[in-house]
There are 2 protein chains.
Amino acid sequence: MRILVNFATNIIAMNKCDQCIVRQLSSLKALNKDEVVKLANSKTTYKIKKGEAIFEEGEVTNGVFCIKDGVGKLSKLSANGKDQIVKLVQSGELLGQRSMISNEPANLSAKAVADMEVCFIPKTEILHFFNNNNQFSMNLMQSVCEDLKESENNKIALVQKTVKQRLAETLLQLHDSFGENADKTLKVQLTREELAGIIGTATESCIRLLSDFNKLDLIELVGKKIMLKDIRALKKMAE
Amino acid sequence: MRILVNFATNIIAMNKCDQCIVRQLSSLKALNKDEVVKLANSKTTYKIKKGEAIFEEGEVTNGVFCIKDGVGKLSKLSANGKDQIVKLVQSGELLGQRSMISNEPANLSAKAVADMEVCFIPKTEILHFFNNNNQFSMNLMQSVCEDLKESENNKIALVQKTVKQRLAETLLQLHDSFGENADKTLKVQLTREELAGIIGTATESCIRLLSDFNKLDLIELVGKKIMLKDIRALKKMAE
DNA sequence: ATTATAACATGATAAATATCATTTTTATAA
DNA sequence: TTATAAAAATGATATTTATCATGTTATAAT
């Protein structure tokens with residue numbers, strides 16, 4: 001009887017996780033069928049509305065979050081009250097790997113930029129996979145390494161490029177990673193303040209530059225949305 | 001006969017690596033006796049003079065470097081010809097883990113800031129340890145995670161703090177990580193250009209601020225050396 | 001629909017920082 | 001030891017960017 005119930009549960013759960021975009025794109029792709037079943041049984045699913053937090057800086061998370069849908073930002077509040085955005089994350093990605101591995105409270109806050117659906121996987125599960133599945137641990141390792149490389153390059157860009165160059169670069173990256181709507185505007189919709197938080201500048205400076213770019217026909221401002229009109233020129237400007 | 005020779009070789013080699021500072025401080029501390037023997041047999045030792053490179057940006061390294069002695073800088077040359085320093089490394093640390101794990105050419109150049117002694121460990125060895133020693137893989141993972149956290153925080157500091165704050169912070173960090181000489185000056189000796197490369201500013205601006213700090217009695221400039229005189233005030237300034 | 005609130009926008013100005021020019025000091029090699 | 005180059009220092013100036021003030025438009029709540 002017990003077995004039957006478990007069997008039924010597992011099938012449903014396995015289907016759910018097995019077909020999930022996170023399973024296809026993240027380190028979790030290395031898990032075998034049994035492991036996916038284990039995963040499906042231990043996960044919890046949440047919905048997070050735009051603006052809400054998944055976790056805050058300083059919180060102990062004790063696990064990782066899979067992003068099934070939506071867009072999130074990892075950010076840190078500075079002394080002067082500005083929210084510096086470190087990274088945008090989207091469906092298919094894992095969140096909170098670093099602090100889980102380091103055994104530390106979260107260094108950054110994670111908040112929804114667009115409505116999100118996430119699954120929480122407890123630390124014990126992840127560590128079990130890490131210790132028993134070499135491909136998984138290698139994948140996880142590579143994913144953190146990729147983050148490190150990105151962070152280093154981003155850091156260099158922030159220091160060595162002007163605000164104008166950083167804005168051009170960031171617009172291109174947003175276009176690249178998140179794509180465009182039917183009306184050709186950028187799919188991720190950030191406020192000017194958030195955009196300023198990514199490129200590390202004052203909101204007013206960001207707004208001013210956007211309107212310069214608009215006048216130069218590099219972009220078009222469609223209400224609050226942004227459409228890239230001259231990608232070639234933006235690329236040139238970013239260098 | 002064969003066994004005898006190997007036995008003798010291993011003892012010497014094991015002693016060498018077993019007592020090495022890198023073995024005590026890095027992820028390698030998780031290795032058992034047999035693994036240390038394997039390590040000792042596969043490593044190669046190099047000496048690198050101040051100013052020389054261990055590896056350059058874009059090079060395929062195919063292994064990691066252990067820093068037995070000296071100080072190195074990880075940096076990237078920007079379009080405008082400036083060398084942005086991403087991180088300073090010292091004895092006990094490993095170098096080139098990220099690009100090895102990611103299977104990519106080095107993203108940064110590694111150069112000696114002070115004469116160095118390093119050992120090269122081939123990729124095959126490291127991967128073998130990674131797949132067969134859970135504690136080692138966890139250590140390696142944690143070390144990369146630590147780098148990531150540092151890089152993110154450093155990035156935020158670079159963007160949100162003024163050049164003056166960054167200089168104060170960097171001087172304190174150098175004091176913290178590398179200590180001071182008998183005459184109380186900082187042990188790592190960087191040129192003003194290198195220091196500017198860490199805080200991300202023009203060399204002249206860096207020199208100017210150092211001389212301001214000097215006038216304010218926060219530091220004392222002893223020739224090219226720097227002595228921290230008022231650590232409390234520097235800390236306050238960095239915030 | 002109307003009010004309140006947040007987001008966006010722009011001008012004026014101040015502050016921070018970079019750049020160019022020049023001089024002084026220090027290190028290095030002939 | 002002197003010549004030569006590199007590093008450090010400082011002034012003058014230009015450029016970039018932030019800040020403050022204010023107005024406008026969009027969005028949400030009553």
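Convention: sequence-line order gives letters A, B, ...; per-chain numbering from 1. The shown structure was predicted, so the numbers you read here are calculated from the model rather than taken from an experiment.
- In terms of the side-chain contact (heavy atoms from CB on, under 4.5 Å) criterion, residue partners of B/K123 (sequence neighbours excluded) are, by chain and number, B/N62, B/M100, B/N103, B/L127.
- When only modelled atom types and interatomic distance are considered, B/R98 and B/S102 share a side-chain donor-acceptor pair under 3.5 Å.
- Neither OP1 nor OP2 of D/dT16 sits under 4.0 Å from any side-chain N or O of A/K161.
- Atom CD in B/E220 sits about 17 Å away from atom P in D/dA8, given to the nearest Å.
- Formation of a donor-acceptor pair under 3.5 Å by the B/Q90 side chain with backbone atoms of B/S177 is found in this model.
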**Prompt:** According to the Watson-Crick and G-U wobble definition with distances under 3.5 Å, which dot-bracket string, read 5' to 3', encodes DNA chain D, using [ ] for crossing pairs and | for pairs with another strand?
**Reply:** ||||||||||||||||||||||||||||||
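- Dense packing is recorded around NZ of A/K229, with more than 12 heavy atoms of other residues, nucleotides or ligands lying under 6.0 Å away.
- In this structure, the NZ atom of B/K82 is 7 Å from the C1' atom of C/dA18, given to the nearest Å.
- Atom CG in A/L221 sits roughly 14 Å away from atom C1' in D/dT25 (whole-Å rounding).
- When the ring pair (Phe, Tyr, Trp, His ring centres under 6.0 Å) test is applied to A/F65, the partners found at least two apart in sequence or on another chain are A/F55, A/F120.
- Rounded to whole Å, the distance from NZ on B/K225 to P on C/dT26 is 13 Å.
- Regarding A/K50, its NZ atom lies at a distance of 10 Å from the P atom of D/dT27, rounded to whole Å.
- When each of B/L228, B/I231, B/L218 is tested with B/L171 by the rule side-chain contact (heavy atoms from CB on, under 4.5 Å), just one qualifies, namely B/L228.
- Atom CD in A/Q160 sits roughly 16 Å away from atom P in C/dT17 (whole-Å rounding).
- Following rounding to the nearest Å, A/Q84 (CD) and D/dA18 (P) show an atom-to-atom distance of 11 Å.
- When atom types are taken as modelled, the side chain of A/Q165 and the backbone of A/T162 share a donor-acceptor pair closer than 3.5 angstrom.
- Identified under the salt bridge (charged side-chain N to carboxylate O under 4.0 Å, His left out) test for residues 185-207 of chain B, with sequence neighbours left out: B/K73-B/E194.
- Within residues 197-213 of chain B, the residues having any heavy atom closer than 4.0 Å to DNA chain D are, in order of number, B/E204, B/I207, B/R208, B/S211.
- For the pair A/G223 and A/T162, nearest-nucleotide mapping onto DNA chain D gives the more 5' position to A/T162.
- Formation of a donor-acceptor pair under 3.5 Å by the B/D183 side chain with backbone atoms of B/T185 is found in this model.
- Looking only at distances, a side-chain donor or acceptor of A/Q84 sits under 3.5 Å from a matching main-chain atom of A/G197.
- Phosphate proximity of C/dA9 to A/K215: absent, as no side-chain N or O sits under 4.0 Å from OP1 or OP2.
- When atom types are taken as modelled, the side chain of B/E117 and the backbone of B/G70 share no donor-acceptor pair closer than 3.5 angstrom.
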Short N/O separations, protein against nucleotides 3-7 of chain D, under 3.5 angstrom:
| from | atom 1 | to | atom 2 | distance (Å) |
| --- | --- | --- | --- | --- |
| D/dA7 | O3' | B/K224 | NZ | 3.3 |

